[in-house]
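Worth knowing before you read on, the calculation uses all heavy atoms, side chains too, and leaves out hydrogens, waters and symmetry mates. Since the structure is predicted, the reported quantities are computational estimates derived from the model, not experimental observations.
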Amino acid sequence: MAKLVLSLNGTVLGNYFLEKERFVIGRRPNCDIQINDQGVSKEHAVILTVGNDQILEDLKSTNGTLVNGRRIERHILQNGDVIEVGRYKIKYVNQKALPDMDFDKTLLIPAFDRTRLKEAGVELAINAGLQVETAVATARAVKNVFPLGAVRLLSGAGAGQEIELSRPITAFGRPGNRAIISRRPHGYFITHVSGRRPPLVNGRSIGVEPQALDNLDQIEIDGERLQFFLK
């Protein structure tokens, strides 16, 4: 199970296990990690567990949230990441999310799964007679071959507007009813994050698991209608 290690000036103040789907960091007493410091907002940041991923999101805090020294709005956490909230540091520890081995978020395989490797492009290298380590490197080299995706807004004041999905994660909906579209090496996936009603794809609920998107799929999130397409 993933955990967070809170410290200040090198002194460890506590360990917190990510046992909830929504884990809030902030100054309020009801936050999962309460940091009573004026440099920390009342609700500063949240960690959302979505399938095998844990996503850190800044909650429009006054002083911002940093990961490994860089300010972020949204970030998929990797083992060893250091989150900075005000003067405090929070280390993310999760052996299932090792850095530099996460091109499919789940490719941690002592005895490799050929199906998953094939999806990520590794089959190309395996067929060429290369070792798995070399095959993984080859997959990384070809992972950006998949076309860039985008969504077109079909309803509301922004109808007709197009949004490129060039980031690893793009969020849609409101904070209490939200979904994300994630860009992976072999395609785009939509995932329900919060709210009682999961998104609809072509009129059908996607449920709780990530669902792959096909060109021209129609999406409905929190009453907002979108169309996914490949550019």
Side-chain angles (χ1 to χ4, degrees), residues 21 46 48-60 67 70-78 97 102-107 113-125 136 138-231:
E21 290 185 359
V46 63
L48 304 170
T49 297
V50 181
N52 293 323
D53 296 332
Q54 282 164 328
I55 302 166
L56 172 69
E57 182 173 345
D58 181 75
L59 295 175
K60 300 187 184 301
V67 175
R70 297 181 62 183
R71 188 162 181 159
I72 59 94
E73 293 181 1
R74 197 171 293 111
H75 174 80
I76 298 178
L77 289 166
Q78 304 297 309
D102 196 39
F103 64 86
D104 190 35
K105 305 294 185 293
T106 51
L107 190 56
D113 177 344
R114 289 185 69 92
T115 301
R116 191 174 298 281
L117 288 173
K118 183 176 180 179
E119 289 176 344
V122 178
E123 187 74 7
L124 298 174
V136 169
T138 301
R140 292 197 186 101
V142 302
K143 71 177 182 179
N144 292 321
V145 170
F146 198 86
L148 179 66
V151 295
R152 183 180 294 110
L153 304 185
L154 301 179
S155 64
Q161 180 183 352
E162 294 183 1
I163 302 172
E164 284 193 352
L165 302 173
S166 55
R167 296 180 178 182
I169 300 172
T170 305
F172 294 91
R174 296 172 297 182
N177 195 347
R178 180 169 289 177
I180 61 170
I181 296 178
S182 56
R183 185 183 188 190
R184 300 192 181 190
H186 52 285
Y188 286 84
F189 289 75
I190 184 169
T191 306
H192 180 223
V193 173
S194 63
R196 297 175 60 184
R197 186 183 180 192
L200 305 179
V201 174
N202 300 326
R204 299 181 63 179
S205 173
I206 68 167
V208 298
E209 294 297 324
Q211 178 170 315
L213 289 171
D214 292 326
N215 192 36
L216 303 182
D217 273 350
Q218 301 276 334
I219 303 167
E220 184 176 338
I221 303 172
D222 193 23
E224 182 180 22
R225 292 189 299 113
L226 319 165
Q227 183 179 50
F228 171 80
F229 64 97
L230 298 174
K231 304 194 74 173

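The number of heavy atoms from other shown groups lying within 6.0 Å of CD (E73) does not exceed 12.
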Distance-only donor-acceptor pairs under 3.5 Å for side chains of residues 221-231, two or more places apart:
residue	atom	partner	partner atom	Å
D222	OD1	R174	NH2	2.9
D222	OD1	N177	ND2	3.3
D222	OD2	R174	NE	2.5
D222	OD2	R174	NH2	3.2
R225	NH2	L154	O	3.4
Q227	OE1	R152	NH1	3.1
K231	NZ	E164	OE2	2.9

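When each of I169, L165, L148 is checked for a side chain to side chain contact (heavy atoms under 4.5 Å, CB included) with R183, only L148 meets the rule.
Closest non-hydrogen pair, G207 versus P198, comes out as O-CB, 3.7 Å. Considering all non-hydrogen atoms of both residues, D217 and A212 come closest at OD2-O, 4.4 Å.
Within the 4.5 Å cutoff, no side-chain heavy atoms of H75 are placed close to those of Q54. I190 places a side-chain heavy atom less than 4.5 Å from the side chain of I219. Counting heavy atoms from C-beta on, the side chains of I180 and F172 never come closer than 4.5 Å. A 4.5 Å side-chain heavy-atom check between E162 and V151 finds every atom pair outside the cut-off.
One finds the CG atom of L213 at 11.5 Å from the CG atom of L216 (value rounded to the nearest 0.5 Å). To the nearest 0.5 Å, the span separating CZ on R74 from CG on L48 amounts to 9.0 Å. Note that CD1 of I72 is 4.0 Å distant from CG of L56, once rounded to the nearest 0.5 Å. Within the model, atoms CD of E220 and CG of L200 stand 5.0 Å from one another, a figure rounded to the nearest 0.5 Å.
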Inset, instruction - Run the numbers on E57 and R178 for salt bridge (Lys or Arg N to Asp or Glu O under 4.0 Å), then give the verdict. - result: CA-CA 12 Å; E57 182 173 345; R178 180 169 289 177; 2.4 Å; yes
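Residues E21 and T49 have side chains that never bring a donor and an acceptor to within less than 3.5 angstrom of each other.
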